[in-house]
2 protein chains.
Amino acid sequence: MGIAERKLRQREEVRNLILETAWEMVREEGWQALSIRKIADAIEYSVPVIYDHFENKEAILLEFGKQGFGILTKKLAQAKKKHDDPGAQLKAIADAYWQFAFNNKEYYQLMFGLNMQACETEKVIPERGTFRRLVSEPIEKILNNHHRTDVNACMKYHTFWSIIHGLVSIKTLATGTEISDEVNKMVLDDAMTGFIKNLER
Amino acid sequence: MGIAERKLRQREEVRNLILETAWEMVREEGWQALSIRKIADAIEYSVPVIYDHFENKEAILLEFGKQGFGILTKKLAQAKKKHDDPGAQLKAIADAYWQFAFNNKEYYQLMFGLNMQACETEKVIPERGTFRRLVSEPIEKILNNHHRTDVNACMKYHTFWSIIHGLVSIKTLATGTEISDEVNKMVLDDAMTGFIKNLER
DNA sequence: GTGAATTACCTAACACTGTTAGCAAAATTA
DNA sequence: TAATTTTGCTAACAGTGTTAGGTAATTCAC
């Protein structure tokens with residue numbers, strides 16, 4: 001039954017076409033500019049065809065969210081692998097996170113923008129758990145190495161994420177700031193050093 | 001010429017009515033649900049009347065942004081005033097910031113949400129400068145007290161803001177997290193302690 | 001090969017957005 | 001009282017997400 005397969009393949013092709021076109025629009029005009037009608041126009045299909053492949057607009061965005069988390073966790077895992085010392089690992093993770101956010105502004109904005117309030121990302125995107133484990137592990141190691149039983153790793157994980165996410169959002173959202181990239185990197189590095197020192201007691 | 005004055009007063013009244021109604025909607029249904037037509041319906045005027053008082057929807061949101069920054073900076077200034085020690089001041093500021101964000105979720109979301117990318121807030125809202133000075137001053141004091149000339153206060157200010165803004169956004173946006181308020185406070189306190197310790201060398 | 005069933009796809013609409021042009025009625029001024 | 005300004009409205013434009021319903025092509029069973 002080659003026909004059914006071909007049909008499935010064609011369906012997949014249209015689906016990918018939708019995603020590719022949508023992504024192009026996002027990259028060129030931002031999330032705000034993305035519209036079902038524009039996608040339909042661009043792929044030369046009528047509007048309802050898109051709804052044959054995605055339940056609604058949110059579903060398309062969610063797809064990109066998944067992609068984003070996939071890329072991010074991969075990058076973070078790679079960065080971590082390059083070091084053995086947990087402190088160095090944390091710094092490398094922070095650096096990779098930072099890099100990802102600025103090399104993939106569109107992804108980052110979607111991943112941590114308004115979308116989060118709409119859908120419970122944790123259930124839909126399992127990569128978020130991967131991210132947590134990735135960061136928590138070196139934190140736990142440092143805490144163990146320094147015999148710190150007064151704090152738990154979960155708390156520290158949140159602090160870690162807050163520092164870096166806060167920095168990224170401020171830099172991403174606040175267009176008016178006139179700080180150079182080098183200074184930004186220094187801020188991140190300084191914050192990370194402080195965080196790790198505080199872990200070590 | 002009492003007539004002209006009365007007219008001006010009436011204009012002001014309608015303007016306030018628009019803002020009050022809009023605020024009520026935002027509080028009850030969130031920013032997303034706010035629409036010019038709904039406001040017009042609620043105040044029992046036609047749609048174009050709203051455009052006599054505000055250039056566009058953005059202008060209404062900006063008004064709330066201004067209000068939000070006004071309240072925030074006031075709260076922060078009050079918190080700072082209660083202490084003399086710059087470290088204690090920073091902690092108090094962080095605490096007040098935290099409190100504001102969660103007692104005024106709507107304001108915070110607007111202030112640091114998508115709005116920022118749309119308009120250059122710094123030029124439109126002078127309070128942002130007040131906020132920066134408020135935080136920078138105790139930071140500079142601590143740095144001076146410990147004879148630290150290797151870092152500048154501006155960098156540290158960004159770190160401070162990042163930590164707290166990151167924490168708030170993660171807590172505000174990520175609905176899926178099951179962390180209790182007490183733990184959240186501990187995270188903030190821990191991060192602040194780390195930040196200040198890192199300031200002191 | 002022919003008829004039935006399925007699939008693919010489109011047109012057109014619904015119910016919303018923000019925004020504005022143009023007009024009628026009311027209020028103020030001369 | 002007549003002219004002018006102000007006030008507020010209706011109705012439209014150009015978008016948005018979403019869906020109901022119908023047509024034409026394709027595939028399947030006989």
Side-chain angles (χ1 to χ4, degrees), chain A residues 1-19 21-26 28-65 110 113-115 117-119, chain B residues 1-19 21-26 28-65 110 113-115 117-119:
Chain A
M1 277 287 170
I3 289 172
E5 283 177 16
R6 191 210 64 204
K7 282 211 165 181
L8 233 86
R9 203 171 54 237
Q10 281 180 342
R11 252 189 84 83
E12 192 82 3
E13 263 170 38
V14 173
R15 200 188 125 97
N16 285 337
L17 196 59
I18 291 171
L19 287 175
T21 312
W23 183 244
E24 205 173 318
M25 282 175 180
V26 168
E28 280 173 11
E29 300 175 82
W31 291 111
Q32 251 186 346
L34 188 71
S35 99
I36 302 287
R37 271 180 176 81
K38 279 189 204 162
I39 298 173
D41 272 11
I43 65 170
E44 293 178 304
Y45 274 98
S46 72
V47 170
V49 171
I50 291 171
Y51 287 90
D52 287 344
H53 296 271
F54 297 94
E55 204 188 333
N56 47 32
K57 194 184 176 183
E58 195 83 19
I60 300 177
L61 298 183
L62 188 65
E63 197 62 35
F64 289 119
L110 174 71
L114 23 159
N115 235 40
Q117 66 200 32
C119 64
Chain B
M1 276 285 172
I3 288 173
E5 284 177 18
R6 192 211 63 204
K7 282 210 167 183
L8 232 86
R9 206 169 53 238
Q10 280 180 343
R11 251 190 85 82
E12 192 83 2
E13 263 170 38
V14 174
R15 199 189 127 97
N16 286 336
L17 196 59
I18 292 172
L19 287 174
T21 311
W23 183 243
E24 205 173 319
M25 283 176 179
V26 168
E28 280 173 10
E29 301 176 80
W31 291 110
Q32 250 185 347
L34 189 70
S35 97
I36 303 287
R37 271 182 176 79
K38 279 190 204 161
I39 299 173
D41 273 11
I43 66 170
E44 293 177 304
Y45 274 96
S46 71
V47 170
V49 170
I50 291 171
Y51 287 89
D52 287 344
H53 296 271
F54 298 94
E55 204 188 333
N56 48 29
K57 195 185 176 183
E58 194 82 19
I60 300 178
L61 297 183
L62 188 65
E63 196 62 35
F64 288 120
L110 174 72
L114 24 157
N115 232 42
Q117 65 200 33
C119 64

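Lettering of chains follows the sequences in order, A, B, ..., and the numbering in each one begins at 1. Computation of the quantities below employed the complete heavy-atom set of this structure, encompassing side-chain atoms and omitting hydrogens, waters and symmetry-equivalent molecules.
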Novice: Between A:Met25 and A:Thr21, is there a side-chain heavy-atom distance shorter than 4.5 Å?
Specialist: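 A:Thr21 vs A:Met25: side chains touch.
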Novice: List, one per line, each side-chain donor-acceptor pair under 3.5 Å for residues 42-50 of chain A, sequence neighbours excluded.
Specialist:
none

Novice: Grab the CD-P distance between B:Glu29 and C:dC16 for me, whole Å please.
Specialist: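 Atom-to-atom, B:Glu29 to C:dC16, this comes out as 13 Å.
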Novice: Which pair of non-hydrogen atoms, one from A:Leu110 and one from A:Gly65, has the smallest distance, and what is that distance?
Specialist: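 In terms of heavy atoms, the two residues are closest at CD2-N, 3.4 Å.
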Novice: For every nucleotide of nucleotides 7-18 of chain D, 5' to 3': is a protein heavy atom under 4.0 Å from its base (B), only from its sugar-phosphate (S), or from neither (-)?
Specialist: SSBB-B---BBB
Novice: Not counting sequence neighbours, which residues clear ring pair (Phe, Tyr, Trp, His ring centres under 6.0 Å) with A:Trp31? List them please.
Specialist: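 Listed in chain order: A:Phe64.
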Novice: Tell me the interatomic distance from B:Gln10, atom CD, to C:dA26, atom P, rounded to whole angstroms.
Specialist: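 Those two atoms, CD and P, are 16 Å apart.
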Novice: How sharply is the helix from C:dG1-D:dC30 to C:dA30-D:dT1 bent, taking the axes over five pairs at either end and rounding to 10 degrees?
Specialist: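 Computed from the C1' atoms at both ends, the axes differ by 20°.
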Novice: Under the side chain to side chain contact (heavy atoms under 4.5 Å, CB included) rule, what do B:Leu34 and B:Lys38 come out as? Steps first, then yes or no, please.
Specialist: CA-CA 7 Å; B:Leu34 189 70; B:Lys38 279 190 204 161; over 6 Å; no
Novice: Taking atom P of D:dT5 as reference, at what distance in whole Å does atom CZ of B:Arg6 sit?
Specialist: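 It is 18 Å, rounded to the nearest whole Å.
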Novice: How many angstroms lie between CG in A:Leu8 and CZ in A:Arg15, if you round to the nearest 0.5 Å?
Specialist: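 One finds 11.5 Å between CG of A:Leu8 and CZ of A:Arg15.
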Novice: Who passes salt bridge (charged side-chain N to carboxylate O under 4.0 Å, His left out) against B:Glu29, sequence neighbours left out?
Specialist: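 By the salt bridge (charged side-chain N to carboxylate O under 4.0 Å, His left out) rule, B:Glu29 matches no residue at all.
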Novice: Quick one: A:Leu8 CG to D:dT27 C1', roughly how many Å, whole number?
Specialist: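 It works out to 15 Å between those atoms.
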Novice: Excluding sequence neighbours, so at least two apart, what forms ring pair (Phe, Tyr, Trp, His ring centres under 6.0 Å) with A:Phe54?
Specialist: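 With neighbours one apart ignored, the set is empty.
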